[in-house]
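Everything on this sheet refers to the single structure shown next.
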Amino acid sequence: MTSAAADLSSSTGPHTRIDHFISMPAARADAWRGLTADARRWAAGKADRAAVERAFADIVVLEEFHAYPGARLMATLRDRLAAGSAEGFRNLAERVSQAVVTRSYKHDEGDWDVAESAADRMPDLGLPAHGSGGQHRPFFEMLLVSPHGGTRGAQQSAELRKLRRSEDAFIYETVPVGSFEDAICAAIMNPGIAAVTIYEGFDFASHHDAPVLRSVIAARGIDAADVDEGDLALGLASELKRLRPELDIYLLSDRKVESLAGHPQAGALRRVLYSVEEMLELHLSVLEGVAERFRTPFFDNLKHYATRPISTFHALPIARGKSVFKSDWIRDMGEFYGLNIFLAESSATTGGLDSLLEPTGNIKEAQEMAARAFGADRCFFVTNGTSTSNKMVHQAVVAPGEIVILDRNCHKSHHYGMVLGGAQPLYVEAFPMTEYSMYGAVPLASIKQALLDLKAEGRLDRVRMVDLTNCTFDGHIYNTRRVMEECLAIKPDLVFLWDEAWFGFARFSPVLRPRTAMGAAAAIEAWMHDPASVAAYETQQAELGENPSRETLLATRLIPDPRQIRLRVYQTNSTHKSMSSLRQGSMILVKDVDYHTVESQFREAVFTHASTSPNQQLIASLDIARRQMELEGYGLVMNAIEISLSIRREINSHPLISKYFKVLGAEEMVPASYRQSGFSDFLTPGTTWADQIRSMNEDEFCLDPTRMTLVCGTAGFDGTEFKKLLADDYDIQLNKTSRNSVLLQSNINNTRSDIAQLLRVLLDISNAIEKRLAEGGEAGRVAFFARVKSLMEDVPDLPDFSHFHDAFRGDAGEMTVEGDMRTAFFAAYDPAACEYVPLFGEECDRRLAEGPEMVSANFVIPYPPGFPIMVPGQVITHETIDFMRKLDVKEIHGFNREKGLRLIRIEAVTAKSAR
Ligand SMILES: Cc1ncc(COP(=O)(O)O)c(C=O)c1O
């Protein structure tokens with residue numbers, strides 16, 4: 001087998017690394033390039049046929065799972081190889097290779113033909129890239145699973161091809177396979193597949209060797225010996241849907257289709273058809289299914305709106321563009337942006353448009369489609385970023401005085417949301433990664449501890465929400481299902497807010513999806529309806545006994561009572577951060593059985609925070625981002641992961657670059673105690689896809705491979721300095737930095753050229769360091785290593801949250817540290833109640849030693865690391881001051897360097913409240 005297919009098929013040998021599995025498209029392109037190189041050598045008499053035969057044998061296996069080049073071109077290649085036609089083989093292999101790499105076969109009919117020139121081509125291949133109106137027709141592939149896959153599938157494919165009409169909006173080719181295992185392989189390997197048709201009667205096992213795939217299928221409890229034909233078809237449909245929920249699946253059966261359609265597993269199917277008579281019906285259904293995902297209700301209407309002659313007598317003079325294009329002075333704005341953006345702007349919510357604040361038409365529909373795509377019950381488009389989405393959820397779900405268990409290291413929108421809404425934060429700490437000046441994620445034990453403390457004090461009813469960031473900025477992914485289950489075991493009606501600002505794309509990766517809020521919520525929902533769950537709960541209750549100790553509860557993986565749980569899950573995502581939405585495009589996803597209890601509050605929250613003039617292009621881009629992810633998200637995310645694995649491997653294995661730089665692997669980002677499965681890293685030799693799935697199922701934290709912490713302190717740069725160097729000198733932009741690292745992020749936009757560029761730049765910088773060290777003499781070397789030591793070793797301890805001052809504890813209990821942050825925040829509005837103490841003065845040291853306690857008047861958030869080291873009402877401790885004094889960053893929000901720390905004068909606040 002090829003290296004690309006091998007990770008699915010072999011658990012030993014050089015091709016077993018997980019990246020080979022995830023790197024399907026790139027590995028496929030490389031395999032074709034390798035074959036053409038061998039073919040060229042053969043044609044030039046520099047190599048014999050055997051090398052070409054070996055390379056071709058590998059490619060044959062891979063191509064079984066793709067529609068292009070298809071059986072005819074592969075057979076021609078095989079014939080030419082067998083006949084010793086080196087020249088003919090090379091010509092065709094080069095053409096096919098080019099088509100595979102550039103994907104031109106999607107629109108160039110000539111790529112499908114054996115003949116070299118258009119004059120010799122067969123007339124009726126029937127793959128016109130353009131439909132009747134001359135419009136471009138997107139191309140997709142349909143997986144066709146049937147008995148005797150190759151032969152019967154080829155006939156069915158030919159029949160389907162005959163049904164093509166010029167008015168079809170899309171064009172597709174089929175990928176015929178004959179077994180359950182091959183169908184799973186094809187769905188994983190081939191991102192071009194957008195629909196699946198299953199005929200009953202196919203085999204279970206592939207004729208290929210596939211032990212890793214088999215172990216994964218077996219771990220899912222699927223056993224060929226157990227299932228009959230019909231169940232196998234439904235079982236395949238369920239498994240495919242689990243891997244790629246966006247796929248439309250059709251089942252063709254010659255049994256009683258009526259009873260099949262009513263089967264409990266039939267939910268995975270889009271349609272059941274009676275196989276003997278339904279070819280045209282199938283063809284039309286397949287096209288309609290894709291059309292349904294393609295449709296973008298708001299964007300489609302906006303485009304239509306832009307074509308109509310409309311006179312506007314309301315605000316927004318820029319709409320229609322007349323004030324721009326008629327101007328002598330700002331016409332370049334029009335030339336730069338183009339006419340459409342002005343034609344598509346309006347402040348109206350009628351005339352084919354809709355209102356974001358109270359949608360009833362195409363925005364409502366677009367939101368419903370997004371909810372479906374992202375696995376939620378409801379979706380709200382937000383045009384002011386996830387900063388606003390988070391505040392909306394806080395306001396809608398939590399009442400003043402209620403407690404929210406909150407990661408102190410979370411984005412500031414949560415902290416501000418609590419100030420505005422008056423909820424009381426009970427901060428829980430993420431595990432520190434002091435050596436890189438960053439935090440990880442919050443251990444489940446800390447969250448359970450907080451809940452158990454509240455329970456012990458009889459105040460559990462006050463907790464409304466657990467609010468966590470998944471994944472974190474640096475890529476720590478929670479075990480969302482386990483967190484929710486264990487918390488629900490302590491309080492069954494808790495609401496969860498998962499800030500997935502960075503993680504929206506994860507829905508479209510089968511490996512990452514179970515760790516998303518909505519992926520986990522779906523799993524919990526299914527578990528709740530499984531009769532075995534009540535038994536599992538009762539068994540555990542019996543084992544725990546009447547009054548289990550806190551230690552026992554902390555040490556036990558708690559099972560909630562499925563009859564008691566109220567599943568209430570909210571997710572926010574910055575669609576603009578990981579998908580094709582314009583900046584500030586964000587979504588709130590809701591799966592809340594008790595949504596009706598907060599519905600009116602939710603509307604108020606939207607009214608409070610949303611602009612009454614939302615940007616039409618932003619809304620349209622959210623609609624479009626959904627379309628894209630449903631139709632090609634799987635492949636795009638696969639590509640983003642593949643790029644990141646490539647970057648990780650290339651940097652860490654390059655002989656020179658790796659002397660100065662390193663991308664931290666999972667084993668460095670996640671302490672071993674949180675990697676219970678024993679998973680070490682994606683690139684550890686011998687790691688397979690099955691290992692990664694086990695890690696995703698079992699480990700407390702996993703690492704999102706697309707978020708790469710690149711250590712630059714070892715090259716003598718602090719994060720901010722290195723970020724600036726990359727931006728100023730090399731036009732490479734990145735986002736977050738720490739004292740000794742920068743964060744690189746791969747996304748659906750990146751290409752292999754980006755990897756090459758990054759490596760070239762790192763090599764350039766490494767060479768410059770080498771040169772400096774070689775030419776700088778002993779003093780230069782000493783200075784360099786001293787700088788490296790300082791960046792890598794003299795790292796300040798990260799300060800934990802201390803506690804709120806008693807004046808801002810509200811009615812908090814003894815054991816927990818929540819506080820009334822809102823009162824502290826607004827107390828500081830009175831200048832007489834505030835004072836300043838210089839950070840580096842004696843006064844500060846004296847106050848720390850002798851009091852009175854220093855209490856922060858506001859949030860103080862240094863960038864990096866970007867979390868609030870002080871919040872309003874927090875008592876400032878030695879640890880915080882030490883950290884601040886060692887901070888060497890320029891940007892510290894909430895801190896005035898000239899005046900010093902802004903503090904609340906407690907005596908003024910208490911005197912005022914006594915009045
Ligand atoms: C975890 C997290 N949540 C929310 C936000 C805010 O998102 P937005 O920029 O879409 O407002 C950010 C921004 O970086 C973030 O990192």
Side-chain angles (χ1 to χ4, degrees), residues 356 370 374 379-395 404 406-420 425 427-428 430 438-442 465-478 480 496-506 512 515-517 570-589 605-606 608-611 614-615 617-619 621-622 625 701 703-704 706-709 719 723 733-738 742-745 747 859 861-868 891 893:
L356 182 66
F374 287 88
C379 172
F380 296 89
F381 288 173
V382 179
T383 58
N384 319 58
T386 298
S387 305
T388 296
S389 301
N390 288 334
K391 286 177 214 150
M392 284 180 180
V393 176
H394 271 274
Q395 177 175 328
V404 175
L406 180 65
D407 174 5
R408 203 243 325 192
N409 191 24
C410 65
H411 186 257
K412 62 184 172 160
S413 51
H414 300 269
H415 305 277
Y416 280 104
M418 305 205 56
V419 165
L420 294 176
Y427 286 120
V428 279
M438 60 173 83
Y439 276 101
V442 182
M465 189 159 86
V466 172
D467 181 357
L468 299 166
T469 307
N470 183 57
C471 65
T472 65
F473 216 139
D474 301 294
H476 297 94
I477 311 173
Y478 282 86
T480 39
F496 296 89
L497 170 55
W498 294 99
D499 178 343
E500 296 190 350
W502 296 102
F503 209 44
F505 74 97
L512 300 177
R515 291 243 169 179
T516 62
Y570 290 73
Q571 184 253 40
T572 52
N573 78 66
S574 293
T575 321
H576 69 98
K577 289 197 204 293
S578 71
M579 291 167 267
S580 297
S581 156
L582 294 174
R583 195 155 161 83
Q584 292 190 12
S586 169
M587 292 183 193
I588 301 175
L589 301 173
V606 171
T608 308
H609 294 281
S611 164
N615 184 292
Q617 319 319 318
L618 270 174
I619 304 169
S621 74
L622 286 165
F701 300 116
L703 181 65
D704 171 0
T706 68
R707 307 191 71 76
M708 295 161 276
T709 296
K723 175 177 169 174
Q733 293 183 357
L734 44 88
N735 197 327
K736 180 183 177 278
T737 60
S738 83
V742 295
L743 183 76
L744 308 172
Q745 178 191 344
N747 64 38
F859 290 104
I861 309 179
Y863 288 85
F867 63 89
E891 205 175 325
H893 296 182

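Read the numbers this way: they start at 1 and go in the same order the structure lists the ligands and their atoms. Along the sequence shown, residues are numbered consecutively beginning with 1. Treat the numbers as computed from the prediction; the structure is a model and nothing was measured.
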Sidechain N-carboxylate O distance under 4.0 Å for D704, R515:
no
Is the H414 ring parallel, tilted or perpendicular to the H394 ring (thresholds 30°, 60°)?
perpendicular
Side-chain donor/acceptor of R583 to backbone N/O of H576, under 3.5 Å:
no
Is a side-chain N or O of K723 found less than 3.5 angstrom from the main chain of N735, in a donor-acceptor match?
yes
Under the 3.5 angstrom rule, does the side chain of T383 hit a backbone N or O of G585 as a donor-acceptor pair?
no
Close residues, ligand 1: non-hydrogen atom nearer than 4.0 Å:
G385, T386, S387, N390, H411, T469, D499, A501, W502, S574, H576, K577
So, does T737 use its side chain to make a donor-acceptor pair with the main chain of V742 at under 3.5 Å?
no
